[in-house]
Q: 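This is the structure I have questions about; it appears just below.
Numbers restart at 1 for each chain; the letters A, B, ... are given by sequence-line order, proteins then strands.
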Number of protein chains: 2
Amino acid sequence: MTDQKPLGFQDIRDEVVNRIQTRVWPQGSLLPTEMELAAEFGVARATVNRALRELAEQGIVTRKRKGGTRVVTTPVKQAKLPITVVRQTIEEMNAEYRYALVSRTLIDCPAWLQAKLNIPEGAQVVHLQCMHHADNRPFQFEERWINVSTVPQVLDEDFLTTGPNEWLLSEVPFSNAEIAFSAVPATGHLQEFLAVPPGTPLFQLERTTWFRSDPVTFVRMTFHQGYQMRTTY
Amino acid sequence: MTDQKPLGFQDIRDEVVNRIQTRVWPQGSLLPTEMELAAEFGVARATVNRALRELAEQGIVTRKRKGGTRVVTTPVKQAKLPITVVRQTIEEMNAEYRYALVSRTLIDCPAWLQAKLNIPEGAQVVHLQCMHHADNRPFQFEERWINVSTVPQVLDEDFLTTGPNEWLLSEVPFSNAEIAFSAVPATGHLQEFLAVPPGTPLFQLERTTWFRSDPVTFVRMTFHQGYQMRTTY
DNA sequence: AAGTGGTCTAGACCACTCA
DNA sequence: GAGTGGTCTAGACCACTTT
């Protein structure tokens, strides 16, 4: 009984990872070709291909036609950061979510936002300020600008009961975005709404969103004192 | 000339995304089966399968045997966050990188770290403090604890010229980790090494790393004032 | 019980890239 | 020019889930 049961692509993948981790195939070395591996494991080349393709996506190996498959020397880890809606985050903590609109105004797009979104002069945007509470304690202050020309429906939405994040997600799903994380001091509005002393370090997330190369929205979300964003790789 | 050239899985994928974005297949709706799509596009089922599998990985659709393929109602975006070495980050800014070891001591594992890494009592760890400079200005302060029992080679490494991050990457590549981002005030060491007034908000990244379920290291990296971490999705 | 996606196979052709 | 991965096909069987 040399072979027990047929191997799947996941078995191949795991075994390759194994050999890389145990330095059977050291960093920088060249792996056998797909055909050789297929012969060794007794599977079709397509199966080996799928296994190695996944490892390439994970950044563990690089693949080149004619060049073969090589173990990456300095693996660039990729943490997957799930971007959820605030409501979900809070409800997953088993806390009670409460949303409150602070202000909603229709304004001419300020110059800095024009530049950031690359939209023409004189465009109009809806400016929103909102608070998100968890168990009645301040959780996140949200300041947002929505491009009226991309999302004209925004003029008919008052955002009194639904947060702009969730509303936009239903109106403009499947957009793409740029995100920036930073630490900022509590000043002005932030200090008041998040109920912290002036200068308190706060975790902040800025995001610019497009739908098919049309700028949709820019949002600045500032979290309560001590908030940690977590992930894995 | 009804069909020009044979379609690839990428064409299928893009066209499906297109139909989802334009609400031909609205959120929550059921897509045609793989066989139906294969017939429509004039390709093999495997090709449709690959296209839809990618969209499922991206979280745009969900797939269930017998249940079919369904457009996700509230897409959970996943930002891919490349975790690079500090040196790279700095060199990509076209700045000059400089590393300096502040302290290196062999100590008994403190209780809080024992709990965090889940290692037995009395274990020993190497405690490191380092500074990373960009163009001779403070960029990042790194405080790290390395588990001696998992990485015994650490006893022979003085870390005078090479940062522990890069060293560990060559000794223990392909590990997995938990990451937490937060905003902290500058105090004590941080304030001095990063040359900022006390209480300045600083961006901090904490990471716990394992290799095959053996705890390797815990690191706390605090960045200079105003640092932003950026990504896309 | 039936229908759907999940996977594998054997073969083929192509595209890239190295020598 | 030759070798490698990239992709596609047609068919098959399996595994899960709903009816």
Side-chain angles (χ1 to χ4, degrees), chain A residues 2-17 19-20 24-73 75-76, chain B residues 2-17 19-20 24-73 75-76:
Chain A
T2 50
D3 53 345
Q4 308 269 42
K5 59 179 178 184
L7 298 171
F9 79 94
Q10 306 196 21
D11 303 310
I12 312 292
R13 166 171 46 81
D14 295 345
E15 175 58 19
V16 171
V17 169
R19 294 190 188 175
I20 291 176
V24 176
W25 294 324
Q27 295 171 69
S29 67
L30 203 58
L31 267 60
T33 66
E34 292 187 345
M35 282 194 344
E36 287 168 345
L37 288 173
E40 179 193 340
F41 292 116
V43 300
R45 182 168 80 95
T47 307
V48 174
N49 181 279
R50 167 124 188 227
L52 294 184
R53 180 156 33 88
E54 281 201 6
L55 297 183
E57 280 168 12
Q58 291 177 39
I60 292 181
V61 300
T62 55
R63 321 193 71 201
K64 259 193 267 185
R65 284 161 155 137
K66 169 72 179 176
T69 303
R70 198 171 286 277
V71 182
V72 160
T73 43
V76 175
Chain B
T2 51
D3 52 344
Q4 308 268 39
K5 58 181 179 184
L7 298 172
F9 79 94
Q10 306 195 22
D11 302 311
I12 313 291
R13 166 171 45 74
D14 295 346
E15 174 58 20
V16 171
V17 169
R19 295 188 187 177
I20 291 175
V24 176
W25 294 323
Q27 294 173 70
S29 66
L30 204 57
L31 267 59
T33 67
E34 290 188 346
M35 283 193 342
E36 287 168 345
L37 288 174
E40 178 192 342
F41 292 114
V43 300
R45 182 168 80 94
T47 307
V48 174
N49 181 279
R50 169 129 185 226
L52 294 182
R53 180 156 32 88
E54 281 202 6
L55 297 184
E57 279 168 11
Q58 291 177 37
I60 293 182
V61 300
T62 55
R63 321 192 71 198
K64 260 191 269 187
R65 284 158 152 138
K66 167 71 179 176
T69 303
R70 198 171 284 278
V71 183
V72 159
T73 44
V76 175

Q: Could you give the CG-to-P distance, from B:Leu31 to C:dG5, as a whole number of Å?
A: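 One finds 9 Å between P of C:dG5 and CG of B:Leu31, rounded.
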Q: In whole angstroms, how far is the C1' atom of C:dG6 from the CE atom of B:Met35?
A: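 Between C1' of C:dG6 and CE of B:Met35: 15 Å.
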Q: Does the side chain of A:Thr47 get closer than 4.0 angstrom to OP1 or OP2 of C:dT7 through an N or O atom?
A: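 For C:dT7, neither OP1 nor OP2 has a side-chain N or O of A:Thr47 closer than 4.0 Å.
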Q: Would A:Arg63 and A:Thr69 count as having a side-chain donor-acceptor pair, cut-off 3.5 Å?
A: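 Note: A:Arg63 and A:Thr69 side chains meet the donor-acceptor criterion.
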Q: So that I can tick it off, tell me whether B:Arg19 and B:Glu40 are bridged by a salt bridge, with the cut-off set at under 4.0 angstrom between side-chain N and carboxylate O.
A: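 Looking at B:Arg19 together with B:Glu40, the answer is yes, because their closest N to O distance falls below 4.0 Å.
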Q: Rounded to the Å, how far apart are B:Arg70 CZ and D:dT17 P?
A: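 In whole Å, D:dT17 P lies 15 Å from B:Arg70 CZ.
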Q: Of all of residues 53-66 of chain B, which get a heavy atom below 4.0 angstrom from DNA chain C, listed by number?
A: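 Contacting residues: B:Arg63, B:Lys64, B:Arg65, B:Lys66.
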Q: So, the side chain of A:Arg70 versus the backbone of A:Ser29: is there a donor-acceptor pair under 3.5 Å, distance only?
A: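 Not confirmed, A:Arg70 side chain does not pair with A:Ser29 backbone.
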Q: Within the structure, does a side-chain N or O atom of B:Gln10 lie under 4.0 Å from either OP1 or OP2 of D:dT7?
A: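 Yes.
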Q: Considering non-hydrogen atoms only, spot the tightest contact between A:Ile12 and A:Thr47 and give its length.
A: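 Between these two residues, the closest heavy atoms are CG1-CG2, 4.4 Å.
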Q: Over all heavy atoms of both residues, which pair between A:Val16 and A:Trp25 is shortest? Give the atoms and the distance, please.
A: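 Smallest interatomic distance, heavy atoms only, reads CG1-CZ3, 3.9 Å.
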Q: When the distance from CG of B:Leu30 to P of C:dG3 is rounded to whole Å, what number comes out?
A: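 It is 15 Å, rounded to the nearest whole Å.
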Q: Toward the 5' end of DNA chain D, which comes first, B:Phe9 or B:Gly67, by nearest nucleotide?
A: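 Final value for this comparison: B:Phe9.
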Q: Without swapping roles, check the side chain of B:Asp14 against the backbone of B:Asp11 for a donor-acceptor pair under 3.5 Å.
A: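 Looks like no, no N/O pair under 3.5 Å.
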Q: When you match B:Leu7 and A:Gly68 each to their closest nucleotide on DNA chain D, which lands nearer the 5' end?
A: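 Mapping each residue to its closest nucleotide by heavy atoms, the 5'-most match is A:Gly68.
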Q: Establish, with yes or no, whether the OP1 or OP2 oxygen of D:dG11 is under 4.0 angstrom from a side-chain nitrogen or oxygen of B:Arg45.
A: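 B:Arg45 to D:dG11 OP1/OP2: no side-chain N or O under 4.0 Å.
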Q: Would you kindly give the CZ-to-C1' distance between B:Arg13 and D:dT7, to the nearest whole Å?
A: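 Nearest whole value for this atom pair: 13 Å.
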Q: Taking B:Glu54 for its side chain and B:Ala51 for its backbone only, find out whether a donor-acceptor pair lies under 3.5 Å.
A: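 Here the side-chain-to-backbone pair does not exist.
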Q: Taking all non-hydrogen atoms of both residues, which atom of B:Leu31 and which atom of B:Leu52 are closest, and how far apart?
A: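 Where B:Leu31 meets B:Leu52 most closely, the heavy atoms are CD2-CD2, 4.2 Å.
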Q: Rounded to the nearest 0.5 Å, how far apart are CZ of B:Arg13 and CD of B:Gln58?
A: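 Nearest 0.5 Å value for the CZ-CD distance: 6.5 Å.
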Q: I want to verify a distance call: between D:dG6, C:dT4, D:dT9, whose nearest atom is closest to the A:Asn49 side chain?
A: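 It is D:dG6.
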Q: Roughly how many Å is it from CD in B:Glu34 to C1' in D:dA10, rounded to a whole number?
A: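 Interatomic distance, CD of B:Glu34 to C1' of D:dA10: 15 Å.
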Q: What's the CG-C1' distance between A:Leu52 and D:dG5, to the nearest Å?
A: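 Those two atoms, CG and C1', are 10 Å apart.
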Q: Taking only N and O in the side chain of A:Thr69, is any of them less than 4.0 Å away from OP1 or OP2 of D:dG5?
A: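 Checking D:dG5 against A:Thr69, a side-chain N or O does come within under 4.0 Å of OP1 or OP2.
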Q: Enter the inter-axis angle for the ends of the helix from C:dA1-D:dT18 to C:dC18-D:dG1 (five pairs per end, rounded to 10°).
A: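 Rounded value for the end-axis angle: 20°.
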Q: For A:Glu34, is there any backbone N or O sitting under 3.5 Å from a side-chain donor or acceptor partner on A:Arg45?
A: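 No; judged by distance alone, with no hydrogens or angles, the pair does not exist.
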Q: What is the distance, rounded to the nearest whole Å, between atom CG of A:Leu37 and atom P of D:dG6?
A: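 From A:Leu37 CG to D:dG6 P: 13 Å.
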